[in-house]
Amino acid sequence: MSEYSAAFAKCPFYGRDDKEKIYCNEGVWTDSFMHMVFLRPTRKRDYKKKYCDNIYEQCPIYCALLIKYQDE
């Protein structure tokens with residue numbers, strides 16, 4: 001179970017998280033998904049609070065995923 005509810009996530013690509021992972025609802029390829037794995041749960045928590053829950057526009061994953069839509 002996640003420490004933080006998905007209700008706090010502002011990122012449109014956020015999917016869910018668990019103790020060491022953040023799952024995004026999209027990937028850079030069609031029909032793919034991305035996730036990040038952290039060695040320490042505290043690092044995952046800090047990343048989620050900073051990017052997923054707040055300044056997602058500055059998240060490197062968000063920026064990579066957004067590129068798909070810029071040419072449409």
Note: R40-E20 ion pair, threshold 4.0 Å (strictly below): no

How far does OH of Y14 sit from SG of C52, to the nearest 0.5 angstrom? 6.5 Å

Contact summary for G27 and K68, nearest pair of heavy atoms: O-NZ, 2.9 Å

Same cluster for L65 and W29 if Ile/Leu/Val/Met/Phe/Trp/Tyr side chains link at under 4.5 Å? yes

Kindly compute the distance separating CD1 (I55) from CD (Q58), expressed to the nearest 0.5 Å. 4.0 Å

Is Y62 linked to V28 within one hydrophobic cluster, defined over Ile, Leu, Val, Met, Phe, Trp and Tyr using a side-chain heavy-atom separation of less than 4.5 Å? yes

R45 CZ to R43 CZ distance, which is reported to the nearest 0.5 Å: 11.0 Å

Kindly compute the distance separating SG (C59) from CD1 (I22), expressed to the nearest 0.5 Å. 8.0 Å

Measuring centre to centre across the rings, with the benzene-like ring taken for any Trp, is Y56 within less than 6.0 Å of Y51? no

Enter the distance from Y23:OH to M34:CE here, rounded to the nearest 0.5 Å. 13.5 Å

Can you name the residues that form a ring-ring contact (aromatic ring centres under 6.0 Å, His included) with F38, not counting sequence neighbours? Y47

How many angstroms lie between CG in L66 and CD1 in I61, if you round to the nearest 0.5 Å? 13.5 Å

List the steps, then state whether side-chain contact (heavy atoms from CB on, under 4.5 Å) holds for R16 with K21. CA-CA 8 Å; R16 65 183 178 89; K21 297 176 188 168; over 6 Å; no

With no hydrogens and no angle check, is any side-chain donor or acceptor of K44 less than 3.5 Å from a backbone partner on D18? yes

Hey, are D53 and K48 close enough for a salt bridge, meaning a charged N less than 4.0 Å from a carboxylate O? yes

